[in-house]
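Everything below concerns the one structure shown next.
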Number of protein chains: 2
Amino acid sequence: VTILITGVAGFVGCNLAQAFLKQGETVAGFDNLSRGRLQNLAIVSTAQRFSFVQVDLAEIEDYGRALRHVHDRNPVSEIWHLAANSDIPAGTADPAVDMRDTFLTTFNTLRLMKELKIPTLAFSSSSAVYGDHGDGMLNEVSGPLLPISNYGAMKLASEACISAAVEEFLTHAHIFRFPNVLGVPATHGVILDFVRRLRTTPDCLTVLGNGNQQKSYLHIDDLIEAMLFIRQRASDRRSVFNIAADDAGVTVRFIAEEVLGVVAPGARIVYGKEDRGWVGDVPRFRYSIAKLRALGWQPRMDSVEAVRKAVSEIANQELSK
Amino acid sequence: VTILITGVAGFVGCNLAQAFLKQGETVAGFDNLSRGRLQNLAIVSTAQRFSFVQVDLAEIEDYGRALRHVHDRNPVSEIWHLAANSDIPAGTADPAVDMRDTFLTTFNTLRLMKELKIPTLAFSSSSAVYGDHGDGMLNEVSGPLLPISNYGAMKLASEACISAAVEEFLTHAHIFRFPNVLGVPATHGVILDFVRRLRTTPDCLTVLGNGNQQKSYLHIDDLIEAMLFIRQRASDRRSVFNIAADDAGVTVRFIAEEVLGVVAPGARIVYGKEDRGWVGDVPRFRYSIAKLRALGWQPRMDSVEAVRKAVSEIANQELSK
């Protein structure tokens, strides 16, 4: 059988493809290459058990054709649907971005899974589905779910349709509520942003917001391990899991200082005055992974370790360009 | 100013238009007349302060043109977005129905409100956003939200986008989580279904499911009153309210017997064996209106009274045809 990964050329997708190939699985990858990059697939593309198709999942005719082609040769048993808009501000500027790239791709995935009788879906949801709960501890049954960005809204919309599909035709759905994830290949995010700014203006880093925003960060290695663990162990037909580092997180100020230390020691940092960086940015939240712990998994790295490892990896990535 | 009601030719829409006109408001109504009916507007269409446009809100060009036309003459201050697919089984058979008629209409409404700076949205959401929680008591902060029908999924998807829009440009959003609502003009629902079946086969009523499904029902008069009350009193920018009768509800068996008593005394009732009538039908739930009570409102009729009043009204509606 084949495991299909959508958004395979993105940050999480290419790491996941590698992990499945290591486990001996056959992997097909789809990506429209709008934000994902072919070079992210350099490592996996030499593997015989890996195939790649460039296709836009928002176009159901094209998506269906590509999927049927894979499925006819070696049946697809699972789809890991990671394709989505990953740029929160872009989705605020134009809501059609999240509508199309996040929600419509999920909707189309479900239509095709029903048609082709593909039983299992794994979906990269987000902590953004919760909205702003202040300092409240968020677990998988927390409500209300009132997202404050189109990004979070279309992730929640996707969860909702997946849940309905489990009632009707899916055998299992894994809904992973991702935290902020760090690592390489970095395509977006706060560390990459800081590293790039410092390459342009090496003596000064301007930070959106006052730097006090605090979030927990998980390293990609831990994220992949957690998802594969849940895939093996979770038995609910609708398996919803928060995945995160199990701590209160670190501030933007900490990240800025870590980046400075590696990339431009001695530069100065200028902070803004707002308590959040952009519309839809949740300034602070705590995220319970008690359910995932109870299943038997815990992260290897805390937020501080994840940031330090990722700063080093991303600095290398950018300096080697 | 003008209050716009979308889905104005539907069951709730035409009753709401009447209520606003009674309060002295100017009302514009949009409807694509796919499920709504022009005859439902017979009472309001003679009012000078009421105007109607037949337009499909899923077509944003048409919707925008119609809305700008109203807005230019007399600014729209609120949109009451009731337009949606109301047929749960239709949405299961073809997910494009809820996608288009429920979700895309909401998405387009938000885009136009942003463009035209219309500050307030009221939205007819549904108890279906909660999914199947067994006998658990559902309040507005209950989670997880895992709908079991495309109908519920697209209502939740709509809530999500509305919530994000409040962060960005809306001043207020009222999200009303509707219960099962009864009354006239009935366009769908269990009572109308039973009355019509008995007109076809007057000696026997066949019921989907075993008749033990228990739900609470609210009369349309109470629903309208509750929404107008919340509009006056609720101050949260995201105002989410369960609206329902405050009781454990009545069984399908009770409704069947009430309909029989009015329409076809002496007929026999044949029940199915399933504990639910169709995919996506939640067999039983309890719905807390503690938040609405705390605001100062309570329904005039309980589920039994609502069913009895509606059976009489719907029987009249059908017999007068």
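Chain identifiers are assigned alphabetically (A, B, ...) following the order of the sequence lines, protein sequences preceding nucleic acid strands; residue numbering begins at 1 within each chain.
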Residues passing the side chain to side chain contact (heavy atoms under 4.5 Å, CB included) test with Ala83(A), sequence neighbours excluded, are Thr6(A), Leu57(A), His81(A)
Only pairs of heavy atoms separated by less than 4.5 Å count here; which of [options] has the most with chain A?
| options | result |
| --- | --- |
| Pro95(B), Ser142(B), Ala160(B) | Ala160(B) |
| Pro147(B), Gly152(B), Ala157(B), Ser158(B) | Pro147(B) |
| Leu110(B), Asn150(B), Leu146(B), Leu145(B) | Leu146(B) |

**OP:** Report the C-alpha distance between Val70(B) and Val76(B) in whole Å, list the side-chain angles of each, state the deciding distance to 0.1 Å, and finish with yes or no for side chain to side chain contact (heavy atoms under 4.5 Å, CB included).
**Re:** CA-CA 7 Å; Val70(B) 171; Val76(B) 175; 3.8 Å; yes
Quiz item: Checking Asp94(B) against chain A: side chain, backbone, both or neither under 4.5 Å from a heavy atom?
Solution: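 Contact with chain A: side chain only.
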Open item on the list: Is Ala96(B) close to chain A through its backbone or its side chain, or both, or neither, when contacts mean heavy atoms under 4.5 Å?
Closed with: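 Both backbone and side chain.
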Take Phe103(B) and Lys155(B) through the test side chain to side chain contact (heavy atoms under 4.5 Å, CB included) and record every step on the way to the result.
CA-CA 7 Å; Phe103(B) 184 62; Lys155(B) 287 290 189 186; over 6 Å; no
Assert top hit (heavy-atom pairs under 4.5 Å, partner chain B, pool Lys114(A), Arg238(A), Glu159(A)) equals Arg238(A)
* Asked: Is the ring centre of Phe30(B) less than 6.0 Å from the ring centre of Trp80(B)?
  ->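 Not under 6.0 Å, so no.
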Practice prompt. Mark yes when over 12 heavy atoms from residues, nucleotides or ligands other than Lys117(A) sit less than 6.0 Å from its NZ; otherwise mark no.
Written response: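 No, because the 6.0 Å sphere around NZ of Lys117(A) holds 12 heavy atoms or fewer from other groups.
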